[in-house]
Structures are given as C-alpha cells and as structure tokens.
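Bear in mind that the values here come from a model prediction, so they are computed numbers and not experimental data.
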Amino acid sequence: MKPRGDGLAPLIAPEDLEEWAEAQRVDGRTIVLTNGVYDLLHDGHVRSIVESAREADVLLVALNSDASTRELKGPDRPILTEDVRSTIVRGLRAVDAVTIFAASSVLPTILAVRPDVVAKGGQYSESEIVGHAEVKSWGGRVHRLPMVEGISTTDILTRIHQRMAPRGKENR
C-alpha cells in the first residue's frame with residue numbers, strides 16, 4: 001500500500017479495523033501490528049517502525065490516544081496530541097496505516113485486526129507482550145524489536161528539563 005494523495009498513510013477508525021484487515025487478507029497481504037505512544041518521535045521509534053514493516057506486507061501502527069497515554073505515562077504526557085502524533089507517524093514511508101486506540105490496552109485492537117505478526121520492543125519478554133497468546137492462537141507470531149540504547153522520550157524530556165533549569169551564577 002502506498003499513501004493516499006495527501007502523502008500520508010490512511011488513518012483507520014477503530015470501528016473500521018476489521019473491514020480494513022479483511023481487505024488486506026483478501027488481497028493476499030500479511031499484516032504486522034506495532035503500537036505505542038510515539039511522543040517526540042526519535043530514531044529509536046523510527047528504527048522500530050522500519051523493523052516492524054519488514055515482518056509482513058502491511059504495517060499498521062496502533063497509536064495510544066491522549067487519554068490512554070496520560071493513563072500510562074502520567075498527567076504531563078503526551079507532549080504532542082494524538083492528531084499531531086498520528087500525522088507524523090502516517091508520514092513515515094514504512095507505515096501503511098495508523099489507528100488510534102483509546103483503551104488502556106491494545107488488545108481490543110489486536111483482536112479486531114488479527115495480525116499475522118505483533119512487533120514490540122525487545123525490552124519486553126514475549127510473555128509480557130500484549131496479545132502474544134491470542135496472536136499465536138490463530139497461527140501468528142510475535143517479533144521482539146531490537147532496542148536503540150540511550151534514547152527514549154523520557155530521556156529526551158529529562159535533558160530538556162535539565163537544560164531549561166535555572167542555573168546558579170557559578171554555571172553561567
């Protein structure tokens with residue numbers, strides 16, 4: 001799949017996921033699903049998205065909504081709204097489609113799509129990856145993505161806060 005005329009991959013509404021996924025299967029395509037907040041997109045995010053795309057014909061990125069991000073990350077997150085984050089992710093060449101999920105877990109999205117592969121960061125064991133048992137039950141598999149050391153959104157925010165903190169006269 002290539003992006004639509006606006007250059008962005010399509011944004012699939014949650015209620016349309018089953019139909020979208022079935023259309024992919026009818027066309028003979030396999031689906032990989034990866035998910036995350038993707039706040040302050042960095043090279044670790046991009047590398048994991050590109051790696052995910054290698055695992056099947058079509059990559060669907062499931063993006064945490066603003067509300068589910070606050071639930072997971074705290075009241076100061078996300079930095080960027082779900083609309084902005086989805087546009088950024090939709091603009092990546094490796095991405096075939098994006099959906100935004102509001103639940104605290106990505107499992108309802110996985111169950112609607114029934115992907116052939118679920119890809120998630122290697123910091124999680126396979127048994128910790130949401131949907132691992134369900135995906136295996138229909139013949140799919142889990143792919144643990146290599147981590148990029150030394151980079152995370154939390155690390156970036158910490159560095160920003162440190163640089164913005166008032167400094168004493170001795171540090172000027």
Side-chain angles (χ1 to χ4, degrees), residues 3 6-17 32-53 59-113 115 117-132 134-135 142-172:
D6 64 1
L8 301 175
L11 179 64
I12 311 298
E15 63 271 15
D16 296 332
L17 284 171
V32 57
L33 182 147
T34 193
N35 70 284
V37 173
Y38 302 106
D39 202 7
L40 299 183
L41 195 71
H42 55 70
D43 66 330
H45 290 137
V46 172
R47 290 172 191 269
S48 71
I49 287 170
V50 169
E51 173 76 18
S52 295
L59 170 61
L60 173 67
V61 177
L63 191 78
N64 289 78
S65 69
D66 291 346
S68 69
T69 299
R70 279 189 292 280
E71 188 176 322
L72 285 171
K73 305 284 186 179
D76 293 337
R77 299 278 301 276
I79 302 299
L80 302 174
T81 67
E82 63 192 47
D83 291 338
V84 172
R85 292 181 289 121
S86 69
T87 299
I88 292 167
V89 172
R90 291 170 57 214
L92 298 174
R93 182 172 32 183
V95 175
D96 294 293
V98 172
T99 192
I100 299 171
F101 67 97
S104 60
S105 169
V106 72
L107 187 58
T109 302
I110 291 170
L111 294 174
V113 174
V117 182
V118 167
K120 195 66 181 164
Q123 75 269 34
Y124 303 103
S125 69
E126 186 171 301
S127 65
E128 293 174 314
I129 295 173
V130 173
H132 73 278
E134 292 79 3
V135 171
V142 172
H143 179 70
R144 293 177 60 232
L145 301 163
M147 297 300 296
V148 176
E149 293 298 321
I151 186 88
S152 73
T153 301
T154 301
D155 292 340
I156 293 169
L157 290 172
T158 298
R159 289 197 306 263
I160 290 170
H161 287 121
Q162 287 171 345
R163 290 181 183 164
M164 292 180 69
R167 297 179 183 183
K169 291 180 183 177
E170 67 280 354
N171 292 332
R172 289 186 186 177

Show the nearest heavy-atom pair for residues [X] and [Y], with the distance to one decimal.
X	Y	value
Ser105	Val130	OG-CG1, 3.6 Å
Thr109	Ala62	CG2-CB, 4.1 Å
Gln123	Glu128	O-OE1, 4.1 Å
Leu107	Gly131	CD1-CA, 3.8 Å
Glu126	Arg144	N-CD, 3.9 Å

Side chain to side chain contact (heavy atoms under 4.5 Å, CB included) partner of Tyr38, chosen from Ile88, Asn64, Ile49
Ile49

Reference residue Arg85; test side chain to side chain contact (heavy atoms under 4.5 Å, CB included); the match among Leu41, Asp66, Val98:
Asp66

What distance separates [X] [atom1] from [Y] [atom2], expressed to the nearest 0.5 Å?
X	Y	atom1	atom2	value
Asp76	Asp39	CG	CG	11.0 Å
Leu40	Leu80	CG	CG	5.5 Å
Ser52	Lys120	OG	NZ	9.5 Å
Arg47	Asp43	CZ	CG	5.0 Å
Ser68	Leu63	OG	CG	8.0 Å
Leu33	His143	CG	NE2	13.5 Å

Tell me whether [X] contacts the main-chain N or O of [Y] through its side chain, where contact means a donor paired with an acceptor under 3.5 Å.
X	Y	result
Ser65	Ile100	no
Arg90	Ala9	yes
Thr99	Ile12	yes

Could you give me the CA-CA distance, side-chain angles and deciding distance for Val61 and Leu92, then say whether side-chain contact (heavy atoms from CB on, under 4.5 Å) is met?
CA-CA 11 Å; Val61 177; Leu92 298 174; over 6 Å; no

Heavy-atom side-chain proximity of Val118 to Ile110 below 4.5 angstrom
yes

